[in-house]
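Written out below as structure tokens is the structure these notes cover.
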Number of protein chains: 2
Amino acid sequence: MEDVVAGVVRQWQGVRPDLDLGPMAVIGRLNRCSALLRQASDALLGEEGLTRPEFDVLAALRRVGGELTPSRLARETFASGAAVTKRVRVLEREGLVARRVDGRDRRVVHLSLTERGRELIDRLLPEQLALEAALLAGLDPERRDRLAAALGELLVTLEGRLGGLVG
Amino acid sequence: MEDVVAGVVRQWQGVRPDLDLGPMAVIGRLNRCSALLRQASDALLGEEGLTRPEFDVLAALRRVGGELTPSRLARETFASGAAVTKRVRVLEREGLVARRVDGRDRRVVHLSLTERGRELIDRLLPEQLALEAALLAGLDPERRDRLAAALGELLVTLEGRLGGLVG
DNA sequence: GCGAGATATTTTCCAAGTAAATTAGATGTT
DNA sequence: AACATCTAATTTACTTGGAAAATATCTCGC
């Protein structure tokens, strides 16, 4: 059984047999897996009336346990400041996130989950994890953990390297 | 040395020790790797005045070798028809893609690369692959191929499973 | 040959993201 | 204290993408 990316690589081999397509076999699959997983997870969140970026905001606030400033939240969710402003505005309107202006420095605001926000993320995260577990069920746990380890290794080098090559 | 996702998982373990975060260790890393790789590749394409989706259109036309209709191109690039229409309009204006109306069925149009379009993608793809190879250079070839294989396996199950669970 | 539907593409309208400008407040230097 | 400079957050202007409607054309059954 062949995956889509294998087909793409085969096509390229036909028209550009001179190229080493090894990187594409890894990165193409990585991107495609990521897209499919995101699609499934978006569908689940959609049923709950949340977008993925909104979920990410709630999740970040939940896992740090306390308050976050918008700029820290932007860093945690890998989003721009402007995007955070807009997402938080929506979540605040929906009563899921609360805003508190800092006492000493009135430029900074502290964001936190409301009771309802915490309940929502505490209900959604397990659902999300269950879906993900179901999607990964094809891999036995040992293969899964080895995949996680391999990706972790790659991620460390990327985080290091991208400082040098782009960011 | 720890990656970002490991940190996130550790935070979750702190506040929700009841959950099995195994799936997150895989999928979080997958998504993050994908995002970082895309960022690097976008930067490279940006220097050449192309966006990633535009690159994907040229690449699809090049690897199939001949013409594609917009709907087939949408399937090949995993994009909506509307998105394809807009991308093709830009690429046509730039003289990289040509449009030919079908003789028998005047609803369908056939898209192909112009001479310039083919030259561009033939120059860019090797650059792209070289960048990707550099980014993956941390993994020795054997580990890299095993990662590709593991991802391929996952991708096959996802493609099958997502028919059932969502799409 | 003529509707009734099916299909390919494009258009319209709207949601969401970014970069750059803006606002507002803090900090440091003289 | 006054000025320039830095920083946090937001706003603005613009771009891109998608869903659904619109357009144009084909096909089938009569």
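Chain A is the first sequence line, chain B the second, and so forth, proteins listed ahead of strands; every chain is numbered from 1. Only this structure's heavy atoms are used, side chains among them; waters, hydrogens and symmetry mates stay out.
Here B:Arg99 reaches the OP1 or OP2 of C:dT10: one of its side-chain N or O atoms lies under 4.0 Å away. Contact annotation: A:Arg87 side-chain N/O to C:dG17 OP1/OP2 distance is under 4.0 Å. Side-chain N/O atoms of B:Arg72 include none lying less than 4.0 angstrom from OP1 or OP2 on C:dA8. Residue A:Ser71 places at least one side-chain N or O under 4.0 Å from the OP1 or OP2 atom of D:dA9. For the pair A:Arg107 and D:dT10, the criterion of a side-chain N or O lying under 4.0 Å from OP1 or OP2 is not met. OP1 or OP2 of C:dT18 has at least one side-chain nitrogen or oxygen of A:Ser80 nearer than 4.0 Å.
Among the atoms of the strands shown, only primed sugar atoms or phosphate atoms (P, OP1, OP2) are found under 4.0 Å from some heavy atom of A:Val109. Here B:Ala83 lies in heavy-atom contact (under 4.0 Å) with sugar-phosphate atoms only. At the heavy-atom level, A:Thr69 lies under 4.0 Å from the strands shown only through sugar-phosphate atoms.
Here the side chains of A:Arg144 and B:Pro23 are in contact, with some heavy-atom distance below 4.5 Å. Taking the side chain as every heavy atom from C-beta outward, A:Val109 and A:Asp102 never approach each other to under 4.5 Å.
One can place CZ of B:Arg52 at 18 Å from C1' of C:dT18, the figure rounded to the nearest angstrom. Here D:dG17 presents its P atom at 12 Å from CZ of B:Arg89, a figure rounded to the nearest Å. Here D:dG17 presents its C1' atom at 14 Å from CG of B:Asp56, a figure rounded to the nearest Å. The separation between B:Arg100 atom CZ and C:dT9 atom P is 12 Å, rounded to whole Å. For the pair B:Arg75 CZ and C:dA8 C1', the computed distance is 11 Å after rounding to whole Å. Between B:Asp105 atom CG and D:dC26 atom P the separation is 5 Å, expressed in whole Å. Atom CD in A:Gln39 sits about 17 Å away from atom P in D:dG17, given to the nearest Å. Note: CZ (A:Arg38) to C1' (D:dG18) measures 16 Å, nearest angstrom.
Comparing A:Ala82 and A:Thr51 by the nucleotide of DNA chain C that holds the closest heavy atom to each, the one mapping nearer the 5' end is A:Thr51. Heavy-atom distances to DNA chain C give each of A:Val84 and A:Arg104 a nearest nucleotide, and the one nearer the 5′ end belongs to A:Val84.
Using a 4.0 Å cut-off between a side-chain N of Lys or Arg and a carboxylate O of Asp or Glu, A:Glu54 and A:Arg87 do not qualify as a salt bridge. Salt-bridge annotation for B:Glu119 and B:Arg123: absent, with no side-chain N of the basic residue lying under 4.0 Å from a carboxylate O of the acidic one. Residues A:Glu94 and A:Arg116 are not paired through a salt bridge, judged by the lack of any N-O separation under 4.0 Å between the basic side chain and the carboxylate.
A single hydrophobic cluster is seen to contain both B:Leu19 and A:Leu136, as judged by linkage of ILVMFWY side chains at heavy-atom distances under 4.5 Å, directly or through other members.
At a cut-off of 3.5 angstrom, the base of D:dT11 holds no donor-acceptor pair with the side chain of A:Lys86.
The side chain of A:Thr85 approaches D:dT11 more closely than any other nucleotide in the set C:dT9, D:dA20, D:dT11. Closest to the side chain of B:Val108, out of C:dT11, C:dA8, C:dA26, is C:dA8.
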